[in-house]
Amino acid sequence: MSTSMHGVAFRKVSKSYGAVTALRPLDLEIQPGEFLTLLGPSGSGKTTLLNIAAGFLDPDGGQVVIGSRDVTALPPRARNVGMVFQNYALFPHLSVFENVAYGLRVRRVADAELRSRVDTALTLVQLGEFGKRAINQLSGGQQQRVALARAMVIEPDLLLMDEPLGALDRQLRKHVQLEIRRLHNEKPRTTIYVTHDQEEALVMSDRVAIMRNGRIEQIGTPLELYDQPRNAYIASFLGESNLLPVHVDDASSGQVGFKVEGYAGAWSLPGGAAPLERGVALLLARPETIRPAAEDAPGLEAIVEETVHLGELVATRLRLNTGQMVWMRRMNAPPHELGKRIRIMWDPAKARLLPEEKSP
Amino acid sequence: MSGRFQRRSILGEIVGGLVLAFLVMPILAVVPASVNNASFIKIPPEAYSIRWYGQFFGDASWVASLANSAEVAVLATVFSVTIGTSAAIGIERLPSGLRSLAVGLVLSPLIVPVIMISISLYYVTRTIGLYGTPVGLALSHSLLCLPFVVLNVGVSLKRLDPNLVRAAEGLGAGPWRVFRTVTFPAIVPGLVGGATFAFVTSFDEVVISIFIAGYGAKTLPVKLWEQIRVEFTPVAAVASTVILGLTMVLFVLGRRVTMKKAAAVGTEDAWR
């Protein structure tokens with residue numbers, strides 16, 4: 001057991017490839033033992049940041065600090081960082097055991113200790129009996145776990161994972177997600193996990209950093225990001241969302257007054273984290289926070305277009321006056337008749353006003 | 001329409017077969033010629049005998065030239081595999097513009113007329129005292145062997161997943177260890193392929209050898225060439241058969257090693 005865990009800090013780290021900026025000067029702190037996920041579409045800079053952490057790429061500027069050590073100028077072999085690659089990158093000519101043992105042999109660990117540490121690592125990923133196998137005798141999921149064992153057995157100060165589940169089928173992916181989280185719970189180690197799969201990020205992470213165009217758009221726990229997205233990009237990236245164009249009339253006080261496009265009547269909501277100005281904005285209402293309005297309470301009129309049964313959940317697609325479609329999702333609710341006009345209302349405690357999305 | 005195509009393809013097969021026959025027959029003709037009982041070359045032989053083989057292996061000068069050939073070929077293989085592998089690894093890391101320049105330079109001995117290479121090497125080896133030595137001849141042959149090594153190893157290197165190297169580096173391995181444990185096992189098929197080509201190229205090389213070999217490093221092809229100018233006996237056919245046989249055995253062996261390694265490592269055959 002490693003006695004001390006290390007935090008990681010990126011300070012003003014930047015990188016460009018020719019004219020293409022991969023990372024704008026970026027600051028990021030990861031707590032000791034924290035599982036942090038970098039989430040974003042391809043080209044958002046998440047893999048660049050990971051490769052800079054591993055030492056495979058040199059940043060143009062800034063510092064990478066692991067624990068109290070500035071590792072910016074150190075080669076990968078001097079960093080004590082474990083890496084799990086998307087394509088596993090297992091050594092094809094070595095057995096499972098020797099693959100896992102590789103980092104220990106480099107460190108000249110004595111034979112008896114090496115044997116027991118490799119066996120422990122393989123048992124941890126439930127491959128205890130597979131040591132003698134050749135790599136090409138393993139399934140994709142098993143190879144993935146060997147890669148994990150190989151990265152963890154060296155007791156890295158920082159564990160990096162680059163879309164390690166990308167090549168697995170959906171069923172297996174869910175299983176391994178929970179498996180990785182279980183391993184992390186049993187023995188927390190500072191981890192940076194890169195993915196473009198929001199579900200993966202939500203299931204496994206302590207915190208998620210959502211990246212776009214070489215910068216971190218928002219960072220927080222999965223719940224914070226889901227409940228308090230800073231902008232429409234975050235809202236639509238994590239979970240399903242209805243974004244209704246609104247017109248803000250009054251943003252001067254704590255209560256923001258606004259009109260919904262296509263409807264008469266004024267509404268108000270508490271102001272969010274992002275400052276709003278008069279003018280166009282977006283109202284975020286998650287499908288599960290929309291419900292039919294009470295008899296004589298205010299609401300938006302909409303036409304039922306489609307109902308989908310997802311077990312106990314009923315999802316209803318509704319067309320607003322503007323033609324925009326919104327989804328409403330409710331538990332154990334009687335389905336609405338198709339084509340029927342109903343009035344809907346958002347949960348004022350959950351709905352949020354977000355600044356209009358400017359194209360980057 | 002279809003009849004015309006068919007006729008054409010049959011014609012193509014006949015022409016192709018003839019071309020192949022013209023190319024291969026003279027080579028294979030040395031085999032029956034070498035087991036001829038008569039004192040002159042005659043195909044097909046009227047009576048069979050292996051007495052010319054006895055004469056070949058009983059003659060010290062033939063055996064010495066065979067030994068010279070083997071020594072030079074082994075040296076040339078070692079030289080070209082060492083230099084060629086380093087070159088291939090270096091070339092792989094060059095930026096693309098420089099890379100094609102470097103590849104062109106390495107391949108140029110295949111394009112430059114061998115007679116020109118021979119004449120310049122003749123002067124160079126004389127000046128630096130390598131003329132007529134096995135090492136001098138082997139170095140000269142390495143020029144022709146290098147392209148095969150660089151190309152074969154280069155193909156293997158291209159197939160090497162760069163993440164394997166990164167994984168090893170990340171686990172703490174230094175450059176030498178990465179080469180020994182990751183790069184080398186991956187390029188073994190290309191190495192064996194390149195080495196086979198190098199050996200065979202040196203073993204039956206004649207033009208450079210005539211200029212450089214002198215007395216000290218007279219190889220089998222040179223001895224054969226000298227012999228044929230004087231008299232054309234079935235011993236020459238024996239010598240040719242020995243070269244042919246050795247070359248074929250080496251190719252088959254090299255190919256088998258390459259395929260076995262390729263299967264074990266899971267990469268494709270570098271020769272394909």
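Throughout, a chain's letter reflects where its sequence line sits, starting with A, and its residues are numbered from 1.
- Interface residues of residues 105-118 of chain A toward chain B, defined by a heavy-atom distance below 4.5 Å and sorted by number: A:Arg105, A:Val106, A:Arg107.
- A:Gln63 and A:Thr72 form no side-chain donor-acceptor contact under 3.5 Å, judged by distance and modelled atom types alone.
- Annotation: A:Arg182, atom CZ; neighbour count of heavy atoms from other residues, nucleotides and ligands within 6.0 Å is above 12.
- A donor-acceptor pair is defined here as one N or O able to donate and one able to accept, closer than 3.5 Å; such a pair exists between the side chain of A:Thr191 and the backbone of A:Arg189.
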message: With ring-ring contact (aromatic ring centres under 6.0 Å, His included) as the criterion, how do B:Phe251 and B:Phe197 come out once you've worked through the C-alpha distance, each side chain's angles and the decisive distance to 0.1 Å?
response: CA-CA 8 Å; B:Phe251 258 105; B:Phe197 273 111; 5.4 Å; yes

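- Interface check for chain B: of the options A:Met83, A:Arg150, A:Arg79, the most heavy-atom pairs under 4.5 Å are formed by A:Arg150.
- With a threshold of 4.5 angstrom between heavy atoms, A:Asn80 does not approach chain B through any atom at all.
- Interface remark: A:Phe85 contributes side-chain atoms only to the contact with chain B (heavy atom separation under 4.5 Å).
- Salt bridge annotation for B:Asp161-B:Arg166: absent, with no cationic side-chain nitrogen under 4.0 angstrom from a carboxylate oxygen.
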- prompt: Please walk me through it: do A:Arg170 and A:Asp197 pass salt bridge (Lys or Arg N to Asp or Glu O under 4.0 Å)?
  reply: CA-CA 11 Å; A:Arg170 194 176 153 71; A:Asp197 183 319; 5.9 Å; no

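- Sorted by first then second residue, the ring-ring contact (aromatic ring centres under 6.0 Å, His included) pairs that include residues 34-76 of chain A, not counting sequence neighbours, are A:Phe35-A:His184, A:Phe35-A:Tyr193.
- A donor atom on one side chain and an acceptor atom on the other are not found under 3.5 Å apart for B:Ser142 and B:Ser80.
- Within the structure, the salt bridge (charged side-chain N to carboxylate O under 4.0 Å, His left out) test picks out the following pairs touching residues 45-59 of chain A (sequence neighbours left out): A:Lys46-A:Glu163.
- Remark: side-chain polar atoms of B:Ser65 are not paired, donor with acceptor, to backbone N or O of B:Thr219 under 3.5 angstrom.
- Listed by sequence position, the residues of residues 13-23 of chain A in contact with chain B number zero, using a 4.5 angstrom heavy-atom cutoff.
- If you check the side chains of B:His141 and B:Ser209, you find a donor sitting under 3.5 Å from an acceptor.
- With a 4.5 Å cut-off on non-hydrogen atoms, A:Leu160 does not touch chain B at all.
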